[in-house]
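Working notes, beginning with the structure itself.
Each chain gets a letter, A, B and so on, in the order its sequence line appears, and its residues count up from 1.
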There are 2 protein chains.
Amino acid sequence: MTAPRRVTIADVAEKANVSTAAVSKVLRKAYGVSPAMDERVRAAMAELGYRPHTAARGMRGQTYTIGMMLPDIRNPFFHEILEGLSKQLDGTDYQVLIGPGGSESASQAHIMNAMIDRRMDALILVAPLGNRRDLEETAKSVPMVVIGRHDRSPDYDAVVDDDLMGAALVVDHLVELGHRRIAHIEHKITGRNHPTTLPQSVRAEGYRQAMKRNDLGSEIDIVASTYSEEGGYLAARELLARAVRPTAIFAGADVAAIGVFNAVYEAGLRVPQDVSIVGYDNTSFAALGPISLTSVDQDGHAMGTNAARLVLERIESKRTRSVLLSTSPTLIRRRSTAPPPA
Amino acid sequence: MTAPRRVTIADVAEKANVSTAAVSKVLRKAYGVSPAMDERVRAAMAELGYRPHTAARGMRGQTYTIGMMLPDIRNPFFHEILEGLSKQLDGTDYQVLIGPGGSESASQAHIMNAMIDRRMDALILVAPLGNRRDLEETAKSVPMVVIGRHDRSPDYDAVVDDDLMGAALVVDHLVELGHRRIAHIEHKITGRNHPTTLPQSVRAEGYRQAMKRNDLGSEIDIVASTYSEEGGYLAARELLARAVRPTAIFAGADVAAIGVFNAVYEAGLRVPQDVSIVGYDNTSFAALGPISLTSVDQDGHAMGTNAARLVLERIESKRTRSVLLSTSPTLIRRRSTAPPPA
DNA sequence: TTGATTTTGTAGAGCGTTCTCCAATATTGG
DNA sequence: CCAATATTGGAGAACGCTCTACAAAATCAA
């Protein structure tokens, strides 16, 4: 614990025989630095192993830190977003730090505040709960990009997957295979009236629209549950107990689809011979041999890249007009879907 | 973007009719505050909605931020650690922020530096790569806890699962079922000579010891691969191609076990009738119905809680003697293991 | 009482940067 | 060659907090 005092800008300045202001300029690539001085300063920094003290920089300027709020660390889809983000930020001075948001609006608000208190330059929120007014409120004090919500706000940017289209891809695929009794499992948050712009609501709506478009309006069957293994399991149990049971189940998320698998096996039925199952997100385990789940792929990597770009624009180019960036999903067909039983 | 100026300590001081120093004392629960003043200040803070500016605090004191370096966000086991950590920190002023470390020693070092530059009060490193000397070097400048490595260092604390014992549990279980040809898949990092204290090395060693103890020294069969789905797949292919193939495969991690599943199915064999499979980590998908993988459970939650405790001790009680905390794993028996074919 | 001690509150100097002015010097145009 | 302009470098005041040192007031011991 012999903490050797950190090398500061003053040490560098002394070594290079210039003022601290000059060093700061070099650091910020600011105007008014001759090539000669620039080189001298850089040499001194290298020799002393100087690293800027981010907290101190944050006192006046930026912290070169971008906060990413993730409701659930494990979600492989979020990981893809992070990868896109990191790759885009690689080479810049910015660093992503992840704030574990949890599944409640309150805990998410807490971490968002914590990130603001730490003077992060921008916030990237992945599928945040909470109403739009609150989000806009925070967006007033820090550049912000929201991933996965279909709200369009003048105060922050949005990067979304076209969930309406994603749901349509699923329904059309199943209809094409010959299915008619196609059920959907939706993630329904209990309590307050949550915005209808959350991905889950849009997916459900997309399902409804696609069913109608295929003249299957009368077959619409939505079970409100949660996007979790247990949620999928319970919802599927309910569906399989119907007098006339569905021949295909479209779970709004892969995790829920796993629960559906379990319920179907438990009922002594086979996938896909008796029941077809479709997920959403194309998470890594959807591809696993024993599962092989047909799913909708959102290009998380691209979403992350785009989010990074938008955020940098806001920070560096001081853009203030908001942008909504929607990417289109694709359907990955696997072995969990097949024509319905004759 | 009408950023309303932040409420500072000075605003609070003015409102409460005291000095800024007094407010600071209240904030830090420092000595020398009368109950009356304390109350007045707190009231003012509440009324103004004051929130301390963490970066500014960091300039002189602490940042109340604990950095957690995670090599891979997705790993469900890491999520458990995080949960234990968060729960323990809940109610304190501390906040965990996650730094994505990546799978390379260089990128991990990068994020560690970034965290130090941001003046985090302590670092919790999960299964960090890099040699011990480097770790000790960083431990000199910040309180540190390493999770998952069996090194014992005077400079930082370690929280580990007893991997030696975990491997023994697996081997004993399989032997009990009647297996003799038990193979192991190890995660082997290419390149430099990595420390033998990484979990993967200890698990392999535990396997070796347990085999010998069961008089199966001649049956020891280790394939060097990686802890990943593909790694498991490739290793299993190699094992299944042996003249006399193993009746049980012990993958050092659940993800690798998934790859083993795929290879086994591909070879037209059944689990567990033809081949038994065991994983390690008891990740959430091990419990999934279609998989049902026998695995070793490390109590990630407890590890997180312990790490938090150790870190707080170092920060607040200024403990400097290092501690090594080892917890014991348990075996979760599922349907992927059964007696060998007759 | 009176001196000694404890408690309570404040002044003010940092912490390591950024950034606005300003001065000095170099360059240009006519 | 001189004024006008551009370039280069630095002084020094923030930023919002912490914390040492110290003074004033209150309490205690005898």
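A donor-acceptor pair under 3.5 Å links the side-chain atoms of A/Q108 to the main chain of A/G102, judged by distance alone. Side-chain atoms of B/D157 come within 3.5 Å of backbone atoms of B/V323 as a donor-acceptor pair (strictly under, hydrogens ignored). Using modelled atom types, one side-chain atom of A/D11 and one backbone atom of A/T8 make a donor-acceptor pair closer than 3.5 Å. In this structure, B/T138 contributes its side chain and B/D134 its backbone to a donor-acceptor pair below 3.5 Å. B/T63 contributes a side-chain N or O that, together with a main-chain N or O of B/R119, makes up a donor-acceptor pair within less than 3.5 Å.
The CD1 atom of A/I116 sits 16 Å away from the P atom of D/dG16 (whole-angstrom rounding). The nearest whole Å value for the distance from the CG atom in A/D121 to the C1' atom in C/dT18 is 13 Å. Remark: C1' of C/dT17 and NZ of A/K29 are 15 Å apart, rounded to the nearest angstrom. In this structure, CG of A/N17 is placed 13 Å from C1' of D/dG9, rounded to the nearest angstrom. If you measure from atom CD1 of B/I9 to atom C1' of D/dA14, you get 16 Å, rounded to the nearest angstrom. Look at OH on B/Y31: it is 11 Å from P on C/dG9, rounded to the nearest Å. One atom, OH of A/Y64, and another, C1' of C/dT17, lie 11 Å apart when rounded to the nearest Å. Rounded to whole Å, atom P of C/dC15 lies 11 Å from atom CG of A/D11.
Summarising the geometry, atom NE2 belonging to B/H110 is positioned 13.0 Å from atom CD belonging to B/E104; distances are rounded to the nearest 0.5 Å. In this structure, the separation between CZ on A/F77 and CG on A/L82 is 12.0 Å, given to the nearest 0.5 Å.
Remark: the B/T65 side chain and the A/R118 side chain contain an N/O donor-acceptor pair separated by less than 3.5 Å.
Sequence order on DNA chain D of the closest nucleotides to B/Q62 and A/V18 puts A/V18 first from the 5' end. Residues B/R119 and B/T20 each lie close to DNA chain C; by heavy-atom proximity, the contact nearer the 5' end of the strand is made by B/T20.
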Derivation and outcome, salt bridge (Lys or Arg N to Asp or Glu O under 4.0 Å), residues B/R6 and A/D117: CA-CA 10 Å; B/R6 260 188 95 99; A/D117 294 344; 3.0 Å; yes
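A sub-4.0 Å separation between OP1 or OP2 of C/dT17 and a side-chain N or O of A/S24 is absent. Close to C/dG16, at under 4.0 Å from its OP1 or OP2, lies no side-chain N or O of A/R6. Within the structure, every side-chain polar atom (N or O) of B/S19 is placed at least 4.0 Å from both OP1 and OP2 of C/dG9.
Listed by residue number, the members of residues 33-57 of chain B with any heavy atom below 4.0 angstrom from DNA chain D are B/Y50, B/P52, B/H53, B/A56, B/R57.
Closest to the side chain of A/R60, from the set C/dT7, C/dT18, C/dT10, is C/dT18. The side chain of B/K25 lies closest to C/dG9 when the candidates are D/dG16, C/dG9, D/dA11.
Within a 6.0 Å radius of NE2 in A/H301, more than 12 heavy atoms belonging to other residues, nucleotides or ligands are found.
Nucleic acid contact class of B/A21 (heavy atoms, under 4.0 Å, all strands): base.
Note on the helix from C/dT1-D/dA30 to C/dG30-D/dC1: angle between the axes of the first and last five pairs equals 30°, rounded to 10 degrees.
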